[in-house]
> 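Structure provided below as structure tokens; questions to follow.
In the text below, chain A, chain B and the rest are named by the order of the sequence lines, each starting its count at 1.
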2 protein chains.
Amino acid sequence: MVDRLASYPRPLVTELEDSTPSLVTRLFLCGRGRDRMSEDERLALDDAMDYRRTVEPRQIIVHRDELVNVSTYLISGYICRYMDDREGHRQLVAVHVPGDFVDLHAFPMKRLDHDVATLGVAEIGIFQHDTLAALGRDRPHLMRMLWYSTLLDSAMHREWIFRLGRLGALGRVAHFFCEIDARLAMIGQADDHRFSLPLTQADLAEATGLTGVHVNRTLRRLREEGLMSFRNGEVEIHDIARLGRVGEFEPNYLYGDPVAA
Amino acid sequence: MVDRLASYPRPLVTELEDSTPSLVTRLFLCGRGRDRMSEDERLALDDAMDYRRTVEPRQIIVHRDELVNVSTYLISGYICRYMDDREGHRQLVAVHVPGDFVDLHAFPMKRLDHDVATLGVAEIGIFQHDTLAALGRDRPHLMRMLWYSTLLDSAMHREWIFRLGRLGALGRVAHFFCEIDARLAMIGQADDHRFSLPLTQADLAEATGLTGVHVNRTLRRLREEGLMSFRNGEVEIHDIARLGRVGEFEPNYLYGDPVAA
DNA sequence: CGGCTTGTTGACCTAATTCAACCACGGTGG
DNA sequence: CCACCGTGGTTGAATTAGGTCAACAAGCCG
């Protein structure tokens, strides 16, 4: 039942070539353990998707505390998760890129402790929890891969705790962009450390625990020091090595596949 | 395996009564969904434990990046998880109380992105991943309960992100103690909001993203305002309602069982 | 055109850090 | 027994990172 197909490390770019590249879920765990899923499991997961739909920017997909019996897989676009304080100030707790199973944790939990919303336009796939439960009865290993994917979120949460607890403003912003860059790279969407990210400076503030004003000043510093620029949703990282040092970015928490030299 | 009849000291209140109160894992998910586990599943989980051992205070149990094939269940005492920044400053990412499956995420992940260490003396139970995998083949629902327990950690991580991102020093410390209090209450170990917690002020600083000095001043304020006191590892919460308001503590993220009125 | 959102900058303020000194306590060794 | 030391806690004074408030500019859209 386990690892029916022996797959060996390949260069990252080829890694993106799935044997069945037309799968809707082809980016799931891409670059971070997808090769541990058998062909059979990939097909089974893809089959389990109920339907797909497109969601406009800034729409709430799941409200906190609402009971849910489906989970959302992100096909394209960006989704975020956030919580509010008493006065309604937001704290982002996650940003999702294509290939992420955004709220798979709703499957065992049945309700969420936070909201889920799109950033730009997003295309999502819906999975019924009943279908997933059935999948789990027949395929314990696939179930463990799904479990694993929720634990990657957990690892990112921990890194966000670290970011907020131990880094200053410059480090926090740098770390944030390093993470997004690394995750996009794993799915082949960070071409030469450039990508678009439909966030405002206010959003960035909500992710990094700063104010909008201070994010603005921090971005200016990063720009002036030649590290990176972020203008109307377009990111260009000019010196990824230095940016990583500023953000104390150590990507092992992303559990990426060993990259071929 | 473990002698189920050799029960352990059991100072638990009545609401905690399990049908088999002598189980080593009797506190697992206690107060937060344990009733969704069948009698059969409880026994199976308890049987799956390989052995138990006692660990001295301030000992590292698992090092980051080390490959592991066992996971640790906390029977009694406290355990924390933390990460270090470049200069070696720690950031706590979790504090564990009895009944927590501390590093169950190592089962699907195989290595951890952080260290795991005891705070005071702790008694732990060891589970082989092979045994857990076998358990999963036969019992998909139990596996989902284990999955669920790792997601509770995830929810706490999110709340820690919120705490660091949106609260000031007073709120952060208040929130921290509210969480520990609530979790201990769920396992019957927060008698009238008093409990001991083997932390130093420096540890508290590492959990709340503050400096030791500032934690000291913050604790003084909490004491002076009659909210709570924390002295040599002894916590006394005098006004839980007000403390909760100060820390913007909303315990639904702990997914506790609905408390009878 | 006017009204909205997002970004930008300056002046001022405050929360938290840093640095430093000092105290209380529980060992441990002479 | 006490002197000594290390750890953890406490406090004050000086410093700084970041927040707050406010004004204004740039783009976008009805």
> Between dT11(D), dT10(D), dT17(C), spot the one nearest the side chain of Arg220(B), thanks.
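Nearest to the side-chain atoms of Arg220(B), counting from C-beta on, is dT11(D).
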> Given atom CD of Gln201(A) and atom C1' of dG7(C), what is their separation to the nearest angstrom?
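Spelled out: CD on Gln201(A) to C1' on dG7(C) is 5 Å.
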> Just to confirm, is there a sub-4.0 Å distance from OP1 or OP2 of dT8(C) to any side-chain nitrogen or oxygen of Arg231(A)?
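So the side chain of Arg231(A) is within the cut-off, an N or O lying under 4.0 Å from OP1 or OP2 of dT8(C).
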> How many Å lie between CG on Leu119(A) and P on dT6(C), as a whole number?
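After rounding, the gap between these two atoms is 12 Å.
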> Quick one: does any side-chain atom of Arg32(B) pair with a main-chain N or O of Leu152(B) as donor and acceptor, under 3.5 Å?
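Answer holds: no.
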> What residue among Leu167(A), Leu227(A), Val173(A) forms side chain to side chain contact (heavy atoms under 4.5 Å, CB included) with Val246(A)?
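When side chain to side chain contact (heavy atoms under 4.5 Å, CB included) is applied between Val246(A) and each of Leu167(A), Leu227(A), Val173(A), only Leu227(A) qualifies.
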> Would you find a donor on one side and an acceptor on the other, under 3.5 Å apart, between the side chain of Thr211(A) and the backbone of His214(A)?
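Such a contact is found between Thr211(A) side chain and His214(A) backbone.
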> Could you tell me the separation between the NE2 atom of His214(A) and the P atom of dC13(C), rounded to a whole number of Å?
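His214(A) atom NE2 is separated from dC13(C) atom P by 19 Å.
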> Is the gap between the ring centers of His105(B) and His114(B) under 6.0 Å?
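Ring centroids of His105(B) and His114(B) are less than 6.0 Å from each other.
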> For Thr211(B) and dA16(C), is the shortest distance between a side-chain N/O and OP1 or OP2 below 4.0 Å?
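No, because none of the side-chain N or O atoms of Thr211(B) sits under 4.0 Å from OP1 or OP2 of dA16(C).
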> How close or far is atom P of dG8(D) from atom CD of Glu206(B), stated in whole angstroms?
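To the nearest whole Å, that distance equals 11 Å.
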> In whole angstrom, give the distance that lies between atom CG of Leu199(A) and atom P of dT5(C).
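After rounding, the gap between these two atoms is 18 Å.
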> Could you tell me the separation between the CZ atom of Arg58(A) and the C1' atom of dT6(C), rounded to a whole number of Å?
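Atom CZ in Arg58(A) sits about 11 Å away from atom C1' in dT6(C).
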> Taking the ring centre of each residue, are Phe127(A) and Phe101(A) less than 6.0 Å apart?
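Centroid separation for Phe127(A) and Phe101(A): below 6.0 Å.
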> Establish whether the base of dT18(C) is bridged to the side chain of Arg217(B) by a donor-acceptor pair shorter than 3.5 Å.
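Result: at least one qualifying N/O pair found.
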> Distance check needed: dG19(D) P versus His89(A) NE2, whole Å only.
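Distance check: His89(A) NE2 to dG19(D) P gives 12 Å.
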> In whole Å, I'd like the distance from the CG atom of Asn232(A) to the P atom of dG7(C).
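Value for this atom pair: 8 Å.
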> In terms of side-chain heavy atoms of Asn216(B), which of dT8(C), dT18(C), dT10(D) is nearest?
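The listed nucleotide nearest to Asn216(B)'s side chain is dT10(D).
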> From C-beta outward on Ala169(B), which listed nucleotide comes closest to its side chain: dT8(C), dG18(D), dA16(C)?
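In terms of side-chain proximity for Ala169(B), the closest of dT8(C), dG18(D), dA16(C) is dA16(C).
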> What's Gly233(A) touching, base or sugar-phosphate or nothing? Going by heavy atoms closer than 4.0 Å.
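The residue Gly233(A) makes no contact with any strand.
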> Would you kindly compare Val213(A) and Gly168(A) by the position of their nearest DNA chain D nucleotide and give the one closer to the 5′ end?
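Nearest-nucleotide comparison on DNA chain D picks Gly168(A).
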